[in-house]
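In what follows, residues are counted from 1 in the order of the sequence shown. Values below: every heavy atom of this structure, side chains too, minus hydrogens, waters and symmetry copies. All values derive from a computational prediction rather than experimental measurement. Remember, it's 1-based here, ligands and their atoms both numbered in the order they're listed.
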Amino acid sequence: MASHWQRAWITGASMGIGREMALLLAEKKVHVALSARSKDKLNAMAQNSDRLSAFPLDVTDRAAVGATVGQIEQDVGPLDLAILNAGILEFVELDNFDASIFEQAMRVNYLGVIYALEALLPRMIERGAGHIVLIGSVSGYRGMPKAAAYGPTKAALINLAESLKLDAEPYGIKISIVNPGYVDTPMTEKNDFEMPFIISAEKAARKIISGLERDKFEIAFPVRLVRPMRMLRRLPDGLFFWIVRRFIAKMWEAPPEQK
Ligand SMILES: NC(=O)c1ccc[n+]([C@@H]2O[C@H](COP(=O)([O-])OP(=O)(O)OC[C@H]3O[C@@H](n4cnc5c(N)ncnc54)[C@H](OP(=O)(O)O)[C@@H]3O)[C@@H](O)[C@H]2O)c1
């Protein structure tokens, strides 16, 4: 089925969820500009479809982000969809606390999005149209064990999306936030704990694109994980910490086969 978008930009498109979203949008006849640092991977994707074009980019480079958005609009045309998906995950051990992990997480996951917004918003405001999508995570709902560097970047994106939605509406710009649970990608491959209700990157991409086609503000999945995570958000602190200690923190203590 063809889509109502004509031109999209996806950051973090070289693998995982970003790659699957790009392939799915191309199938739906959308021209997709692909960004990530791995030029070879992007070029290989672009060689297989004339609806995919590679625009290699490190999202932590503010000037390069601005220049790339300009280049994409010049080569491909005005963007009507931007999926700001590039992200990194590193777990934190308190006995090996290293601020550089936090800095890098904020640079890629949060400031990378801000730089993209700086480049996209004036263009979309001028056209009075556009859809910008931030990729958060259910781990942004509340603080989780070992996620002290990653979780706050996703919590920030959730709050940012709410704020932007209100400010962008009068300009005709749509904002969405995607909060996935566990998805099987290179990011989660290294996890040595059980990941409940994990789904494939292809399935995640289908859920995201179908939610965006229906103009949803928040797209969160899978429902079996999202429902309890949303409930944790509403619990008083005492009960929240008890549940996390009793059920979630335990997942980290033993490798998957012992659980
Ligand atoms: N997998 C999950 O379970 C899960 C759950 C919730 C949320 N998410 C979020 O979903 C998004 C995609 O995750 P994923 O699982 O698909 O991860 P992934 O497989 O590790 O892919 C991450 C993508 O981001 C790109 N990237 C990383 N640093 C970058 C940088 N500085 N500049 C430009 N691109 C950069 C990577 O490409 P290069 O290395 O080539 O730059 C890659 O294309 C992330 O925001 C992640 O936090 C994932």
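- Counting only distance, with no hydrogens or angles, the side chain of Asn85 and the backbone of Gly12 share a donor-acceptor pair below 3.5 Å.
- For atom 40 (O) of ligand 1, the closest non-hydrogen atom on the protein side is Ser38 OG, 2.4 Å.
- Closest non-hydrogen pair, Ala105 versus Ala149, comes out as CB-O, 3.6 Å.
- For atom 31 (N) of ligand 1, the choice among Thr185, Ile208, Asp58 with the nearest heavy atom turns out to be Asp58.
- Between Ala201 and ligand 1 there is no heavy-atom distance shorter than 4.0 Å.
- At least one N or O atom of Gly12, backbone or side chain, sits closer than 3.5 Å to an N or O atom of ligand 1.
- The N/O atoms of Tyr182, backbone and side chain alike, include none that comes under 3.5 Å of an N/O atom in ligand 1.
- Looking at ligand 1, you'll find an N or O of Ile17 within less than 3.5 Å of one of its N or O atoms.
- Within a 6.0 Å sphere centred on CZ of Arg62, other residues, nucleotides and ligands contribute 12 heavy atoms or fewer.
- Comparing Glu20, Met187, Arg19 against atom 20 (O) of ligand 1, the shortest heavy-atom distance belongs to Met187.
- The shortest N/O to N/O separation between Tyr150 and ligand 1 falls below 3.5 Å.
- For the pair Met195 and ligand 1, no heavy-atom separation below 4.0 Å is found.
- Looking at Val183 next to ligand 1, an N or O pair under 3.5 Å apart turns up.
- Closest heavy-atom approach to atom 26 (N) of ligand 1 among the candidates Ala86, Ala13, Ser137: Ala86.
- Residue-ligand proximity: Leu89 is placed with every non-hydrogen atom at 4.0 Å or more from ligand 1.
- For Phe102 and Tyr150, the ring centers are positioned 6.0 Å apart or more.
- Of all protein heavy atoms, the one closest to atom 28 (N) of ligand 1 is Arg37 NH2, 3.4 Å.
- Not a single N or O atom of Ile88, backbone or side chain, sits closer than 3.5 Å to an N or O atom of ligand 1.
- Distances from atom 10 (O) of ligand 1 to the heavy atoms of Ile198, Asp184, Ile135 show the closest one on Ile135.
- The closest side-chain donor-acceptor pair between Ser38 and Asp40, if any, does not fall under 3.5 angstrom.
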